[in-house]
Amino acid sequence: DAAETAEARAEAEREAAAAAEAEMQRNMAEIAQLAQVLTGKEAKKYQKKLSSSTERKIVKRGVLRKQGDVKISPRYFFLFNDLMLFCRFNEDKKKKKPTTYEPRKELSAEQLRGSTLKVLAAEPDMKDKELAFEMKTPGYETTLYAASVAEREEWIVALKDMLTGL
């Protein structure tokens, strides 16, 4: 009957709202945890920035090697739904201290709009080309290397999904 249907709909809406609230709380806790392990001269700025939005969430995180001017260096990347953060990282091999992250570069939503991603597997004479992808944004470009082809694809999908949501 109509009353039961309305009550069931209202219950489903309450459950969805509770689930959304729980998800937001998890995201905020994960970002607060990250903020505690940021180091370097920019740490305070990023601690404040990352915590400034209840809508922000970490979409993907992990190590990619980044082509610099001279060499390829490992960096820890945090892909949020509205920005990307590149960090140096210090890992305690004995696991007595948490890994710390020093922010090195940020790409904001504005900078990421209009980005292009290109798999470099077809490039001739390029070392690890099957693991590489190029990211070009207005004003910035870099080549990134994943640990595997599958991981490269995961990053590309996550970046494309994030860019679609901007």
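This is a predicted model, so every value here is computed, not measured.
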**Report entry** Any side-chain heavy-atom pair of Phe89 and Glu91 under 4.5 Å
**Finding:** yes

**Report entry** Side chain proximity check, Tyr101 to Thr39, heavy atoms < 4.5 angstrom
**Finding:** no

Residue pair [X] / [Y]: nearest heavy atoms and the distance that separates them:
X	Y	result
Pro138	Gln111	CD-O, 3.4 Å
Leu163	Leu112	CD2-O, 3.3 Å
Ala146	Arg152	CB-N, 3.4 Å
Ser51	Ile31	N-CG2, 4.3 Å
Asn27	Arg56	CB-O, 3.9 Å
Cys87	Pro103	SG-CA, 3.8 Å

Linked, directly or transitively: [X] and [Y] (ILVMFWY side chains, under 4.5 Å):
X	Y	value
Met24	Leu34	no
Leu144	Val149	no
Leu107	Leu38	no

Report task. With side-chain contact (heavy atoms from CB on, under 4.5 Å) as the test, would you mind laying out the steps for Glu153 and Val119 before giving the verdict? Result -> CA-CA 9 Å; Glu153 289 306 308; Val119 174; 4.1 Å; yes

Query raised in the report: Should the pair Phe77 and Phe86 be assigned to parallel (<30°), tilted (30 to 60°) or perpendicular (>60°) ring geometry?
Result: tilted

Query raised in the report: Is the shortest distance from a Lys or Arg side-chain nitrogen in Lys49 or Glu106 to a carboxylate oxygen in the other one below 4.0 Å?
Result: yes

Report task. Indicate whether any N or O donor in one side chain lies under 3.5 Å from an N or O acceptor in the other, for Ser53 and Glu55. Result -> no

Query raised in the report: Do you see a donor-acceptor pair shorter than 3.5 Å between the side chains of Ser148 and Glu151?
Result: no

Looking at [atom1] of [X] and [atom2] of [Y], how far apart are the two atoms once the value is rounded to the nearest 0.5 Å?
X	Y	atom1	atom2	value
Ile156	Leu117	CD1	CG	6.5 Å
Arg75	Leu85	CZ	CG	12.0 Å
Lys105	Glu42	NZ	CD	11.5 Å
Leu50	Met28	CG	CE	12.5 Å
Lys136	Glu141	NZ	CD	4.5 Å
Gln33	Gln36	CD	CD	7.0 Å

Query raised in the report: Is the distance between the ring centroids of Tyr145 and Phe133 less than 6.0 Å?
Result: no

Query raised in the report: Can you check side-chain contact (heavy atoms from CB on, under 4.5 Å) on Met135 and Met84, steps first, answer last?
Result: CA-CA 12 Å; Met135 185 169 78; Met84 188 172 188; 3.9 Å; yes

Requested in this report: Just grab all the side-chain hydrogen bond (donor to acceptor under 3.5 Å, both in side chains) pairs involving residues 156-166, residues at least two apart or on different chains.
Outcome: none

Query - Working for side-chain contact (heavy atoms from CB on, under 4.5 Å), residues Phe78 and Leu83 - result: CA-CA 8 Å; Phe78 292 93; Leu83 64 93; over 6 Å; no

N/O donor-acceptor pairs under 3.5 Å from side chains in residues 9-18, not counting sequence neighbours:
unit_1, atom_1, unit_2, atom_2, d
Glu11, OE1, Arg14, NE, 3.4
Glu11, OE1, Arg14, NH2, 2.8
Arg14, NH2, Glu7, OE2, 3.2

Could you go through residues 57-72 and list every donor-acceptor pair under 3.5 Å that involves a side-chain atom there, pairing it with any protein atom two or more places apart or in another chain?
unit_1, atom_1, unit_2, atom_2, d
Lys60, NZ, Glu154, OE1, 3.3
Arg61, NE, Tyr76, OH, 3.4
Arg61, NH1, Glu30, OE2, 3.3
Arg65, NH1, Asp128, OD2, 3.4
Arg65, NH2, Asp128, OD2, 3.2

